[in-house]
Amino acid sequence: MKLRGWNSSQLSFNGRGQSLRFLTPIRKTRLFVISNADDGHAYAPVIEEDINTNHAPSSEPETFFSKWSPPKYLWRGLSVLVLAGQVIIRTLKGKVHWRNTLQQLERVGPKSVGVCLLTSAFVGMAFTIQFVREFTRLGLNRSVGGVLALAFSRELSPVVTSIVVAGRIGSAFAAELGTMQVSEQTDTLRVLGSNPVDYLVTPRVIASSLALPFLTLMCFTVGMASSALLADSVYGISINIILDSAQRALRSWDIISAMIKSQVFGMIISIVSCAWGVTTMGGAKGVGESTTSAVVISLVGIFMADFALSYCFFQGAGDSLKNCV
């Protein structure tokens, strides 16, 4: 073996019948002496520079896609679809952590009843004021209950309940999973042999999709009750007239469509919040941004899904109020 010169970049290996040469990059070191103003002595920092002195090809040529990375909203949107597919597959295979599912069901259901019912009651009274004022002038007092019942069952109850749950539960899901992601607790679950989707995501999705229909039904009942009480006490429309009109206008499909809508909304809230949580990066600031973004995207998804489902469920001219006039 021969090393040609101290600054040479060629290494030669001589065998019995052949000679091999390799080009190696040389690392040059520059030494600077700078006066230190504190004690008058000089110190010499060493600065190393990687310089390829033999002009050998070092790497592949850079292309546009080598520097391009997908936008954050794009790969997060794809993560929602991937996570939804994993949840469906794992649920069909029966790989569900039922104990954690019951805990999340208690959290989404009973612990959210108070705020949902309070919101529904005040929304019902606000709509009653607007409907009664206008319908009384037209002499359609007997149609007030039917209009309120249809509005609550088809749109207000599922949407209002989902908005409250998205603000209360969806933000909590995103914050919890985001904190676990940045603190590498999800990696710890993988090391211990547990699938984070089975333990963290699937129970939340199942709990949300099961609890929201019952919350919607309770909000519908409380909303109608508060509307009837306000109409009777303030505007003089009897409770019996309100309830009779609602009974004539409502059909079983109105309640079933509200339950279906709320179940879809619950799945949207839980999957979006969990997907935003498990894709969190950047420490505490990233957790805050993921939480806010998860709630916003969940609300947008709720409104889009509400339009699509309403368009599919209620087509053509309706005759629900025909019996209430």
Side-chain angles (χ1 to χ4, degrees), residues 112-168 212-265 296 298-325:
S112 301
V113 169
V115 63
C116 290
L117 296 184
L118 188 64
T119 304
S120 179
F122 281 99
V123 170
M125 289 188 288
F127 271 81
T128 302
I129 294 173
Q130 304 299 328
F131 286 152
V132 171
R133 288 180 68 252
E134 303 300 329
F135 277 59
T136 303
R137 293 181 180 180
L138 299 176
L140 299 175
N141 293 343
R142 293 187 175 274
S143 301
V144 173
V147 173
L148 288 173
L150 293 178
F152 267 98
S153 62
R154 294 181 180 181
E155 297 297 333
L156 289 179
S157 293
V159 172
V160 170
T161 305
S162 302
I163 290 174
V164 174
V165 171
R168 186 183 183 277
L212 234 66
F214 294 99
L215 288 177
T216 299
L217 190 60
M218 296 173 66
C219 288
F220 168 75
T221 305
V222 172
M224 285 299 302
S226 63
S227 300
L229 290 175
L230 182 65
D232 183 36
S233 60
V234 176
Y235 297 100
I237 301 178
S238 174
I239 295 179
N240 294 328
I241 295 177
I242 297 292
L243 296 181
D244 182 67
S245 176
Q247 183 179 3
R248 290 174 180 272
L250 278 179
R251 291 180 172 84
S252 59
W253 174 245
D254 296 325
I255 305 298
I256 294 174
S257 64
M259 306 282 279
I260 295 174
K261 279 187 176 183
S262 58
Q263 192 168 22
V264 174
F265 296 162
V296 173
S298 297
L299 295 179
V300 174
I302 287 171
F303 296 141
M304 295 174 63
D306 180 54
F307 166 73
L309 293 175
S310 297
Y311 184 79
C312 294
F313 291 161
F314 308 105
Q315 292 185 354
D319 56 351
S320 298
L321 294 176
K322 183 174 60 177
N323 300 324
C324 302
V325 179

Visitor: In the structure I gave you, are the side-chain heavy atoms of Y235 and V144 within less than 4.5 Å of one another anywhere?
Guide: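 No; the side chains remain at least 4.5 Å from each other.
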Visitor: Closest approach of S112 and L215, non-hydrogen atoms and distance?
Guide: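 Closest heavy-atom pair between S112 and L215: CB-CD1, 4.4 Å.
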Visitor: Distance from F314 atom CZ to L150 atom CG, nearest 0.5 Å?
Guide: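 The CZ atom of F314 sits 8.5 Å away from the CG atom of L150.
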Visitor: Starting at CG of L117, measure out to OG1 of T161 and round the result to the nearest 0.5 Å.
Guide: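 Reported value, rounded in 0.5 Å steps: 8.5 Å.
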Visitor: Are more than 12 heavy atoms from other residues, nucleotides or ligands located less than 6.0 Å from atom CZ of F131?
Guide: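 Yes - once you tally the heavy atoms of other residues, nucleotides and ligands closer than 6.0 Å, there are more than 12.
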Visitor: Please name the pair of heavy atoms, one in M125 and one in L230, separated by the smallest distance, quoted to 0.1 Å.
Guide: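 That would be O-CD2, 3.3 Å.
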Visitor: Quick one: pull up CZ in F214 and SG in C219 and give me the separation to the nearest 0.5 Å.
Guide: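 Spacing of CZ (F214) from SG (C219) equals 13.5 Å.
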Visitor: S143 and F135: side chain to side chain contact (heavy atoms under 4.5 Å, CB included), yes or no, with the steps?
Guide: CA-CA 8 Å; S143 301; F135 277 59; 4.1 Å; yes
Visitor: Roughly how far, to the nearest 0.5 Å, is CG of L243 from CG of L250?
Guide: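 Rounded to the nearest 0.5 Å, the CG-CG separation comes out at 10.5 Å.
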Visitor: Tell me the closest heavy-atom pair linking S310 and E155, and the distance in Å.
Guide: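 Shortest heavy-atom separation between S310 and E155 comes out as OG-OE2, 2.8 Å.
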Visitor: Any donor and acceptor pair, going by atom type alone, linking the side chain of S257 with main-chain N or O of D254 inside 3.5 Å?
Guide: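 The answer is yes, because a donor-acceptor pair under 3.5 Å joins these two groups.
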Visitor: Might you point out which heavy atoms bring G146 and S245 nearest each other, and give the distance in Å?
Guide: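 That closest heavy-atom pairing would be N-OG, 2.8 Å.
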Visitor: What verdict does the side chain to side chain contact (heavy atoms under 4.5 Å, CB included) test give for D232 and I242, after you've listed the backbone C-alpha separation in whole Å, the side-chain angles of each residue and the deciding distance to 0.1 Å?
Guide: CA-CA 9 Å; D232 183 36; I242 297 292; over 6 Å; no
Visitor: Give the intermediate values and the outcome of side chain to side chain contact (heavy atoms under 4.5 Å, CB included) for residues L212 and F265.
Guide: CA-CA 8 Å; L212 234 66; F265 296 162; 4.2 Å; yes
Visitor: Just verifying a value: how many Å separate S153 OG and I256 CD1, rounded to the nearest 0.5 Å?
Guide: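 CD1 of I256 is found 11.5 Å from OG of S153.
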Visitor: CG/L309 to CE/M304 distance, rounded to the nearest 0.5 angstrom?
Guide: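 One finds 11.5 Å between CG of L309 and CE of M304.
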Visitor: I'd like to know whether D244 forms a side chain to side chain contact (heavy atoms under 4.5 Å, CB included) with N240, so could you lay out the CA-CA distance, the side-chain angles of the two residues, the decisive distance to 0.1 Å, and finally the verdict.
Guide: CA-CA 6 Å; D244 182 67; N240 294 328; 5.9 Å; no
Visitor: Tell me the closest heavy-atom pair linking S226 and A121, and the distance in Å.
Guide: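 S226 and A121 have their closest heavy atoms at OG-O, 3.2 Å.
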Visitor: Mind listing the closest non-hydrogen atom pair of F152 and G124 along with its distance?
Guide: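 Closest pair (atom of F152, atom of G124, distance): CZ-CA, 3.0 Å.
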Visitor: Does anything in residues 302-315 form a salt bridge (Lys or Arg N to Asp or Glu O under 4.0 Å)? List the pairs, not counting sequence neighbours.
Guide: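 Passing the test, one end in residues 302-315: K261-D306.
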